**Q** 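Below is a structure I'd like to ask you about.
Just so it is clear, the model here is predicted, and its values are computed rather than measured. We use all heavy atoms of the structure for the numbers below, so side chains are in, but hydrogens, waters and symmetry mates are not.
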Amino acid sequence: MSNKAITIAAAIFVTIVITSGIFFSLGQIQKIYKHVYETHNSITGEFNEFDAYENTKKTSVEVLNALKKYRSNTRVVVSVSGASGAGAIDKMQAEVNGQKNAGALVATYNATVVRQKDMTRINFSR
């Protein structure tokens with residue numbers, strides 16, 4: 001009788017160990033899948049973010065907003081007719097203020113995006 005009890009206990013123990021191993025493996029696979037999914041979405045989102053500028057026309061206000069949005073991002077360079085950084089922001093702010101005083105925001109800029117290995121460049125030109 002004791003051999004039968006030991007056999008049943010061993011079978012239950014082995015079943016628990018196998019079941020625990022399966023659940024542990026499924027949990028690890030789920031963590032890996034989640035990490036891959038988040039990384040994929042991050043990379044895709046980074047590229048899709050610049051599609052809004054690719055071969056489009058933007059107003060002065062939109063150009064100014066893009067300059068302000070990316071001014072602290074070291075991986076994105078925004079230039080307006082060759083100028084970038086604080087000089088470009090000041091230039092666009094003056095243009096927007098001048099257009100507001102004139103009562104119209106009609107100036108448009110052609111936008112292009114150049115993707116490089118470790119940087120993205122958004123160029124605005126008239």
Side-chain angles (χ1 to χ4, degrees):
M1 192 63 136
S2 65
N3 286 341
K4 189 173 186 181
I6 292 174
T7 305
I8 291 173
I12 291 173
F13 178 74
V14 169
T15 303
I16 290 172
V17 168
I18 290 172
T19 305
S20 297
I22 290 170
F23 283 129
F24 177 77
S25 297
L26 289 174
Q28 294 301 314
I29 290 170
Q30 189 175 24
K31 282 182 184 178
I32 292 169
Y33 177 76
K34 181 180 178 185
H35 181 71
V36 168
Y37 180 77
E38 288 172 354
T39 303
H40 171 74
N41 283 345
S42 173
I43 292 169
T44 303
E46 235 177 82
F47 283 110
N48 290 342
E49 177 179 359
F50 302 111
D51 288 346
Y53 300 104
E54 187 70 47
N55 297 321
T56 59
K57 291 191 179 296
K58 298 293 182 185
T59 65
S60 301
V61 173
E62 291 170 316
V63 172
L64 179 61
N65 289 339
L67 283 164
K68 289 179 178 179
K69 179 179 181 179
Y70 297 112
R71 75 173 140 205
S72 62
N73 189 333
T74 58
R75 297 181 63 208
V76 179
V77 175
V78 180
S79 64
V80 180
S81 301
S84 62
I89 292 175
D90 293 342
K91 176 183 170 186
M92 287 307 301
Q93 188 66 58
E95 182 176 318
V96 167
N97 290 340
Q99 290 175 359
K100 282 182 185 176
N101 293 337
L105 295 174
V106 294
T108 59
Y109 287 82
N110 297 317
T112 57
V113 176
V114 178
R115 291 180 178 93
Q116 298 169 336
K117 181 181 176 185
D118 57 352
M119 181 178 61
T120 301
R121 181 177 293 277
I122 304 172
N123 300 311
F124 294 101
S125 62
R126 288 203 178 186

**Q** For K57, check side-chain hydrogen bond (donor to acceptor under 3.5 Å, both in side chains) against everything at least two apart and list the hits.
**A**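 Listed in chain order: N110.
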**Q** Please step through side-chain contact (heavy atoms from CB on, under 4.5 Å) for the pair S125 and Y109, ending with a clear verdict.
**A** CA-CA 5 Å; S125 62; Y109 287 82; 5.7 Å; no
**Q** With T39, which residues qualify under side-chain contact (heavy atoms from CB on, under 4.5 Å), at least two apart?
**A**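 In terms of side-chain contact (heavy atoms from CB on, under 4.5 Å), with neighbours along the sequence ignored, T39 is linked to H35, I43.
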**Q** Dump the intermediate steps for side-chain contact (heavy atoms from CB on, under 4.5 Å) on V80 and V63, then the final yes or no.
**A** CA-CA 8 Å; V80 180; V63 172; 3.6 Å; yes
**Q** Once salt bridge (Lys or Arg N to Asp or Glu O under 4.0 Å) is applied, do any residues pair with K68, and if so which ones, sequence neighbours excluded?
**A**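 Residues passing salt bridge (Lys or Arg N to Asp or Glu O under 4.0 Å) with K68: none at all.
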**Q** Any chain of hydrophobic side-chain contacts (each under 4.5 Å) joining I16 to I8?
**A**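 I16 clusters together with I8.
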**Q** When rounded to the nearest 0.5 angstrom, what distance separates CD1 in I122 from CD in E54?
**A**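 Answer rounded to 0.5 Å: 9.5 Å.
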**Q** Side chains of N55 and T112: closer than 4.5 Å at any heavy-atom pair?
**A**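 Answer yes - side chains close enough.
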**Q** Just verifying a value: how many Å separate I6 CD1 and K4 NZ, rounded to the nearest 0.5 Å?
**A**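 It comes to 13.5 Å.
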**Q** Suppose we screen for side-chain hydrogen bond (donor to acceptor under 3.5 Å, both in side chains). Which residues come up paired with Y53, at least two apart in sequence or across chains?
**A**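 Y53 satisfies side-chain hydrogen bond (donor to acceptor under 3.5 Å, both in side chains) with no residue once adjacent residues are dropped.
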**Q** What side-chain hydrogen bond (donor to acceptor under 3.5 Å, both in side chains) pairs are there with at least one residue in residues 11-33, not counting sequence neighbours?
**A**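 Every candidate side-chain hydrogen bond (donor to acceptor under 3.5 Å, both in side chains) pair involving residues 11-33 fails, so no pair, neighbours aside, qualifies.
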**Q** Any link between I18 and L26 through a network of hydrophobic side chains (Ile, Leu, Val, Met, Phe, Trp, Tyr) touching at under 4.5 Å?
**A**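 Yes, one cluster joins them.
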**Q** Under the side-chain contact (heavy atoms from CB on, under 4.5 Å) rule, collect the residues that match up with I29, sequence neighbours excluded.
**A**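 With sequence neighbours excluded, I29 shows a side-chain contact (heavy atoms from CB on, under 4.5 Å) to no residue whatsoever.
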**Q** Applying side-chain contact (heavy atoms from CB on, under 4.5 Å) to V114 and N123, what does each step give before you reach the verdict?
**A** CA-CA 8 Å; V114 178; N123 300 311; 3.9 Å; yes
**Q** Report the distance from atom CG of L64 to atom NZ of K58, rounding to the nearest 0.5 Å.
**A**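 So the CG of L64 and the NZ of K58 are separated by 14.0 Å.
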